[in-house]
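Working notes, structure below.
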Amino acid sequence: VSNRDGGRARGHGYHPAPMSAHAADGRSPTQAPSNGAGSGATHTPAGGRTAALRRVERLARLALDPEREERLAADLERVLAAFESLTAVDVRGLEPLHQPSDGRGSERDTRREPPEPPLDRETLLARAPRARDGFFSVPKTIAE
Amino acid sequence: MNAPSPAPTHDAPTLDATGLVHAIASGATTAARAVERALTAAANDRFGAFAEVRADDARARARDLDRQRASGAPLGALHGVPVAVKANLCAVGFETNAGSRILAGHRPLYDATSVARLLAAGAVVIGTTHMDEFGMGSSGENSAFGVPHNPHSPRGVRLTAGGSSSGSAAAVASGAVALALGSDTGGSVRQPAAFCGVFGAKPTWGRVPRHGLVAFASSLDTVGVLARSARDLELALAVLSGPDGRDATALTEPFAPLPHDGLAGKRVGVLAAAALAGITPEVARAFETARDDLSARGATLVEVELPHAVHAVATYYVVATAEASSNLARFDGVRYGARVEGDGSLAGMMAATRSAGFGDEVLRRIAMGTHVLSSGFFEAWFDRAARVRRAIANDFARAFEHVDVVATPTAPTPAFALGSVIDPLVLYRGDALTLPASLAGLPAISAPCRVPSGALPVGVQFVAPFGADAAALAAARAFAPQIVTAVPAAEELR
């Protein structure tokens, strides 16, 4: 069985650009659509992959030092490039599989259940890095 | 094939859990003696399997269990059996840190359902075991707290115990405990079981409730078991399975072991040699022996194709990292775990906490998962991978029209030396044989193959249809009915 037909798959509307360093517009697997389009690069420039990683850091609430950032950017680029083989699979007619049970046999319906006493506030707050006056305490988010 | 009968001795690490339960029930030994032996082994553990041992609590509980027996109370299925629990399963009294700095010192307020069920059946949790951080790793080396090594390491070399349930596998292989809980998202019970020469069960997704398991990738995570016999896996799964009001994904249908009628007449699917091209010669030879053993026991080997399995590594590392990036968002320095204040802002505190608290492999996966879910990349990566995942599951469904179980080597290599594999991609590819069953949610059992004397352990994996854990167990039990000999954790226990 051969599924090596990335071209056909692209024809079916899957975002082709970020998938391949060899895509027509030259975007790398980690370049955001906005910062690489039309650059004509066939491989990811260092600035590109670091910019892509900074976007990830912002989304994932991370703040890495430059050395770690560079290492992670290089790893991410290499791993994604290795997984580009996914583009070759013909996925037409395949529904995404998000839960292997597909609903088989599990209790998906709401059910009658006697309420149990919850854990008390003091016990829970005792595990918190900072707590004050019965609440979790975090840095101020509203300016005075 | 008859199950081995329990040896009538109380202290040798030759007893599996089934044998130990019989010995305690019959009065040949006591829970207190069994627990004392396990505690001695854990205290002298030269393989670094244990993260934390709570000896006094275990002794008190064992005395309690012995009193219960003396009073004539009915005995649980695991009455008096010392067990170890992977450090990502909540167990009251223990530190559930999942191998991560960000959870250092975290002591849960409740037991995981799997732990609660072991306790309700009479087991004694003596300790927790080291693991790759959040279950992310195949060598045990991604741990903030300790890296176990393989009890089968030749003199002068430290081999990996596998991962991520590295400590649980080493604890069982050393005979310190007969049973240990692990978790298996992409092979984290099966691969360490194979590397350490023991049995490992990754149940059907949903078979064992995950409440109290520190989540990594929810559509893949399973709670699994490591043991020195296949019958012990069956015993443990019977205790662990069943619906749970705290986990809506838990399967409602009961787990029912099959009669032990062997492999005669069973059809075992095997892959063509080309589909196993990545395995080492040692693994190939061991698997050849395994095929001969299956045939000798009356099984018919049938060649099956899993044409999309070649994409399993890519599919898994897109789906699992995406889910991990979402699950690990909860570690933000607010409600529990560590906190680093950073620049004094809320976002700065969270970023500083997470960047300091997560190890490199976890960061790699959060970065990858965040990327494949992000706007502009979601369809090309995450959605596409979820569809290829469907193709992998469909391949299995087609194969199971012709065979009862599918057998493959569990891992492409035997255990490798600690520190010898540092390229994440090479480690990811080492999961190639366990990932297809994980993606499809299927039950899979790793059992030790026969290998030449002095050779490293090699595992064979039996994969069964969704929900058919009993079929995978029956195959493993008929294939390898023995109790694996332990490599004692302390020289003096030999």
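Naming: A, B, ... by sequence-line order, numbering from 1 per chain.
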Pick whichever of [options] has the most heavy-atom pairs under 4.5 Å with chain A.
options: Glu323(B), His106(B), Arg107(B); result: Arg107(B)
options: Ala347(B), Ser325(B), Gly206(B); result: Ala347(B)
options: Val310(B), Ile366(B), Asp360(B); result: Asp360(B)
options: Gly333(B), Ala329(B), Ala356(B), Ala352(B); result: Gly333(B)
options: Leu220(B), Leu373(B), Leu346(B), Leu328(B); result: Leu346(B)

Distance-only side-chain donor-acceptor flag, [X] / [Y], under 3.5 Å:
X: Glu69(A); Y: Thr50(A); value: no
X: Tyr317(B); Y: Asp431(B); value: yes
X: Ser355(B); Y: Arg68(A); value: no
X: Asp469(B); Y: Thr204(B); value: yes
X: Thr249(B); Y: Arg210(B); value: yes

Counting only non-hydrogen atoms closer than 4.5 Å, does [X] touch chain A with its backbone (N, CA, C, O), its side chain (CB onward), both, or neither?
X: Val319(B); answer: neither
X: Thr353(B); answer: neither
X: Arg207(B); answer: neither
X: Met349(B); answer: side chain
X: Tyr336(B); answer: both
X: Pro108(B); answer: backbone
X: Ala393(B); answer: side chain

So which residue, Thr123(A), Asp65(A), Thr141(A), Asp75(A), ends up with the most heavy-atom pairs under 4.5 Å with chain B?
Asp75(A)
Quick check: does any side chain N or O of Arg354(B) sit under 3.5 Å from a backbone N or O of Leu62(A), one acting as donor and the other as acceptor?
no
Taking the six-membered ring for Trp, are His308(B) and His311(B) parallel (under 30°), tilted (30 to 60°) or perpendicular (over 60°)?
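Ring orientation, 0 to 90° scale: tilted.
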Classify the ring geometry of His98(A) against Phe382(B): parallel below 30°, tilted from 30° to 60°, perpendicular beyond 60°.
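Because their plane-to-plane angle is under 30°, the rings of His98(A) and Phe382(B) count as parallel.
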Atom group of Leu64(A) that falls short of 4.5 Å from chain B, counting heavy atoms:
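For Leu64(A), heavy atoms of backbone and side chain both lie under 4.5 Å from chain B.
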Measure from NZ or CZ of Arg121(A) to the centre of the six-membered ring of Phe135(A), then state whether that distance is under 6.0 Å and the direction lies within 45° of the axis.
yes
